[in-house]
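In what follows, chains are A, B, ... by sequence order, proteins preceding strands, each numbered from 1.
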2 protein chains.
Amino acid sequence: MKRKPLDRATIVGAGIVLADEQGLAGLTMRNVAGQLGFEVMSLYNHIANKNDLLAAMADQVAAGIETPPPDLVSLERVKAIALALRATLVRHPWAANLWLQHLPGPSRTAYMEALLQALDGCGLSPDATHLGFHAVDNHVIGYTLQEQGLTDGLASVDDPEALTRDFIASMDPEIFPATIAHVQQHLNGDNGDSFEAVLDIILDGLTGL
Amino acid sequence: MKRKPLDRATIVGAGIVLADEQGLAGLTMRNVAGQLGFEVMSLYNHIANKNDLLAAMADQVAAGIETPPPDLVSLERVKAIALALRATLVRHPWAANLWLQHLPGPSRTAYMEALLQALDGCGLSPDATHLGFHAVDNHVIGYTLQEQGLTDGLASVDDPEALTRDFIASMDPEIFPATIAHVQQHLNGDNGDSFEAVLDIILDGLTGL
DNA sequence: TAGTGATGCGTACGTTGTACGTATAGGCCA
DNA sequence: TGGCCTATACGTACAACGTACGCATCACTA
């Protein structure tokens, strides 16, 4: 049985699959090679080192961000891009963290361009446009990081809800009443989609500048 | 010469100093022990494992968040807490990332309580209060992460500005005009304090709910 | 046909976190 | 006072990691 020869794109793809399945902790060079049916050192004919692989994975993920249809314009377009980014980052929970540590590659630059051009089409002041990029980009990435951060850190907790209850139980109601109430709200799940609500606040605020 | 005996707080403190100086990459158990004049395995009499140390460091940092004076109230108080959090996270650039991966300990819970109580004093609707916490908390942490993320990832680059220029030069002006313009604005430094500007947008938006 | 560069891989090394066992010293009870 | 117990320090050792280095194999070109 003849294997297909290794190449960079294949390696990056395998890395993404592996990280999706096992998180970044499971992403070892030996695992990547094993998944492809090769030995570790063969990878290094196509990538410089692990950091290079991580950067490539981070960028490749950006290629999966869906572009809204061209007839969607103005702030609705900005919002659509934000939601598309969020969907992608949720699909690859390890990616947001990597975005923090690596410069954008071509795909992520294309996402930036799309968002910036969408903002340009909103008739905002130049300052508000510049600001809007960071506000939206940061909101999406930051929110997803917080939401999924525990996924990687507290990986493989079978009952996250019990953990939340324990967290509440560990607090003195005399000292932390507001925090207990806040966390309780999360348990009840009666806070709608706060991601989108804050996004709307930001978008509204931009028009006022 | 008699050493002071090890204890948990000392170890956590040394970890913080070490991470401040060398980043998380330099924070090895052997380094922490060495800095204190002990051997590695002695640390394990006081901490469970490295993850335990990281969680403790993450929480300890929160103890350094300054509380605004009691006469500062309403949204000004919220803003002051946000700025205090930001100052702390900037002082310890590795901390924000750890906050994503560890549950809050007592000190960070105290920060949460302070922010939540400040929001309670703003006369907002319960929904807006809940939302406000995440909007502010997320903005501060996310913004600092993006700003400092490269600190850890691209550690020890002697000339970050040259790197930015290279980044611009690597983009095709036909394809990425808006991105080039945006990055150029950063090089010119003519974008004021976008952190605070977005924070103000968020705070304004909360009052409208 | 000889040679050249790309590709796969075996071996080996340094670094990391930490399990395990042991030595020592201080406090407490007889 | 003497014996013990627990807390603390640490030496040794190991598995897992990233990766440097050198060699073998193959495809292709001159």
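As judged by a 4.0 angstrom heavy-atom cut-off over every strand, Tyr44(B) is placed among the base-contacting residues. Using a 4.0 Å heavy-atom distance criterion, Leu53(B) is classed as making no nucleic acid contact.
Between Leu27(A) atom CG and dC17(D) atom P there is a gap of 11 Å when expressed in whole angstrom units. Look at CG on Asp52(A): it is 14 Å from C1' on dG18(D), rounded to the nearest Å. In this structure, Lys50(B) places its NZ atom 21 Å from P of dA15(D), rounding to the nearest Å. To the nearest angstrom, C1' of dA6(C) lies 13 Å from CG of Asp7(A). If you measure from atom CZ of Phe38(B) to atom P of dC10(D), you get 6 Å, rounded to the nearest angstrom. Whole-Å rounding puts the Arg3(A) CZ to dC26(D) C1' distance at 13 Å. Note: CD1 (Ile47(A)) to P (dT19(D)) measures 8 Å, nearest angstrom. The CE atom of Met41(B) sits 11 Å away from the P atom of dG11(D) (whole-angstrom rounding).
Side-chain proximity of Leu6(B) to the nucleotides dA9(D), dG10(C), dT19(D) is greatest for dA9(D). The side chain of Glu39(A) lies closest to dG10(C), out of dG8(C), dG10(C), dT19(D). Each of dG17(C), dG11(D), dC17(D) was ranked by its minimum atom distance to the side chain of Thr28(A); first place goes to dC17(D). With distances taken from any side-chain atom of Met29(A) to the nucleotides dG17(C), dG18(D), dG8(C), the minimum falls on dG18(D).
The residue among Pro5(B) and Arg30(B) whose nearest nucleotide of DNA chain D lies closer to the 5′ end is Pro5(B).
Taking 4.0 angstrom as the limit, His46(A) places a side-chain polar atom (N or O) nearer than this to OP1 or OP2 of dG8(C). OP1 or OP2 of dC10(D) lies within a sub-4.0 Å distance of a side-chain N or O belonging to Ser42(B). Of the side-chain N and O atoms in Arg8(B), none sit less than 4.0 angstrom from OP1 or OP2 of dT8(D).
A side-chain donor-acceptor contact under 3.5 Å links Asp137(A) and Tyr111(A). For Gln101(B) and Asn51(B), the side-chain atoms include no donor-acceptor pair closer than 3.5 Å.
Ring orientation note: the planes of His130(A) and His182(B) are close to parallel, at an angle under 30° on the 30°/60° scale.
With Arg8(A) contributing its side chain and Ile47(A) its backbone, the two residues share no donor-acceptor pair below 3.5 Å. A distance-only check finds no donor-acceptor pair linking the side chain of Ser42(B) to the backbone of Phe38(B) [under 3.5 Å].
No hydrogens or angles were tested; on distance alone, a donor-acceptor pair under 3.5 Å links the side chain of Asn45(B) to the base of dA9(D).
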